[in-house]
Amino acid sequence: MGETLRSWKELPLSALPFKLSTEFKTGDWRTFRPVVDQEKCTRCLLCWVYCPDMSIVWDGQRISVNYDYCKGCGICARECPVKAIEMVKE
Ligand code: SF4
Ligand code: SF4
C-alpha cells in the first residue's frame with residue numbers, strides 16, 4: 001500500500017487538473033501596455049493589489065511591470081489614484 005495523502009496540498013503541482021497562469025506568457029496577446037510614471041507614483045501599491053495577473057512588481061523602491069505576464073487589461077491604470085499609469089498601444 002502507498003502512503004495516504006493527508007491534504008491535497010501534498011500533491012505535486014503536475015498532478016493538479018489545471019495549469020497555473022505563470023505557465024503561460026499571457027503578455028503575448030496584449031494590445032496595450034501599462035507604463036508607470038515614476039515621478040507621479042506615490043508607491044501606494046494599489047496597482048499591485050488589483051493586478052489580476054500579479055504582473056506589477058514592487059522591489060521595495062519602485063513599481064515596474066512584468067510584461068511577460070501583463071495582459072494589458074488596464075485595471076492598474078484605472079485604480080491608480082494619482083493616474084501614474086498610462087496605457088500605451090503596443
Ligand atoms: S494592465 Fe492588467 S495585467 Fe497588466 S499590470 Fe495592469 S492590471 Fe496587471
Ligand atoms: S497605484 Fe499608482 S501611485 Fe500607487 S503604486 Fe501603483 S502606480 Fe504608484
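Worth saying up front: this structure is predicted, and the values here are computed from it rather than measured. For ligands, and for the atoms within them, numbers begin at 1 and follow the listed sequence.
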Just which atoms of ligand 2 are under 4.0 Å from any heavy atom in [X]?
X	answer
Cys47	1 (S), 5 (S), 6 (Fe), 7 (S)
Ile85	7 (S)
Val82	3 (S)
Thr42	3 (S), 8 (Fe)
Ile63	5 (S)

Got the closest protein heavy atom to [atom], with its distance?
atom	answer
atom 4 (Fe) of ligand 1	Cys70 SG, 2.3 Å
atom 6 (Fe) of ligand 1	Cys76 SG, 2.3 Å
atom 1 (S) of ligand 1	Gly74 N, 3.2 Å
atom 5 (S) of ligand 2	Leu45 N, 3.2 Å
atom 8 (Fe) of ligand 2	Cys41 SG, 2.3 Å
atom 2 (Fe) of ligand 1	Cys73 SG, 2.3 Å
atom 3 (S) of ligand 1	Lys71 N, 3.5 Å

**Report entry** Neighbour count above 12 (heavy atom, 6.0 Å) for Gln61 CD
**Finding:**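 No, CD of Gln61 has 12 or fewer neighbouring heavy atoms, counting only those of other groups under 6.0 Å.
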
Tyr67 six-ring face occupied by Arg30 cation (under 6.0 Å, within 45°)
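Arg30 over Tyr67 ring: no.
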
| Check: Ala84 main-chain N/O paired with Gln38 side-chain donor or acceptor under 3.5 Å |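 The answer is no, because no donor-acceptor pair under 3.5 Å joins these two groups.
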
Query - Test item: Arg43 side-chain N/O and Cys41 main-chain N/O as donor-acceptor pair under 3.5 Å - result: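 Looks like yes, one N/O pair under 3.5 Å.
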
In a check of side-chain contact (heavy atoms from CB on, under 4.5 Å) between Ile56 and each of Pro34, Cys51, Ser64, which one passes?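 Between Ile56 and the candidates, side-chain contact (heavy atoms from CB on, under 4.5 Å) is satisfied uniquely by Cys51.
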
Looking at Cys47, Cys70, Ser55, which one forms a side-chain contact (heavy atoms from CB on, under 4.5 Å) with Cys76?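 The option that passes is Cys47.
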
A side-chain contact here means heavy atoms from C-beta on lying under 4.5 Å apart; do [X] and [Y] qualify?
X	Y	answer
Val36	Val65	yes
Val88	Phe32	no
Ile75	Pro52	yes

Atoms in ligand 1 with a heavy atom of [X] nearer than 4.0 Å:
X	result
Cys51	3 (S), 5 (S), 7 (S), 8 (Fe)
Pro52	7 (S)
Gly72	1 (S), 4 (Fe)

Before you tell me yes or no, could you show the steps for Met54 and Tyr69 under side-chain contact (heavy atoms from CB on, under 4.5 Å), namely the whole-Å CA-CA distance, both residues' side-chain angles and the distance that decides it to 0.1 Å?
CA-CA 8 Å; Met54 298 174 71; Tyr69 299 107; over 6 Å; no

Next item on the list: Tell me which part of Glu79 gets within contact of ligand 2: side chain, backbone, both or neither, using heavy atoms under 4.0 Å.
Entry: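 Neither; no heavy atom under 4.0 Å.
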
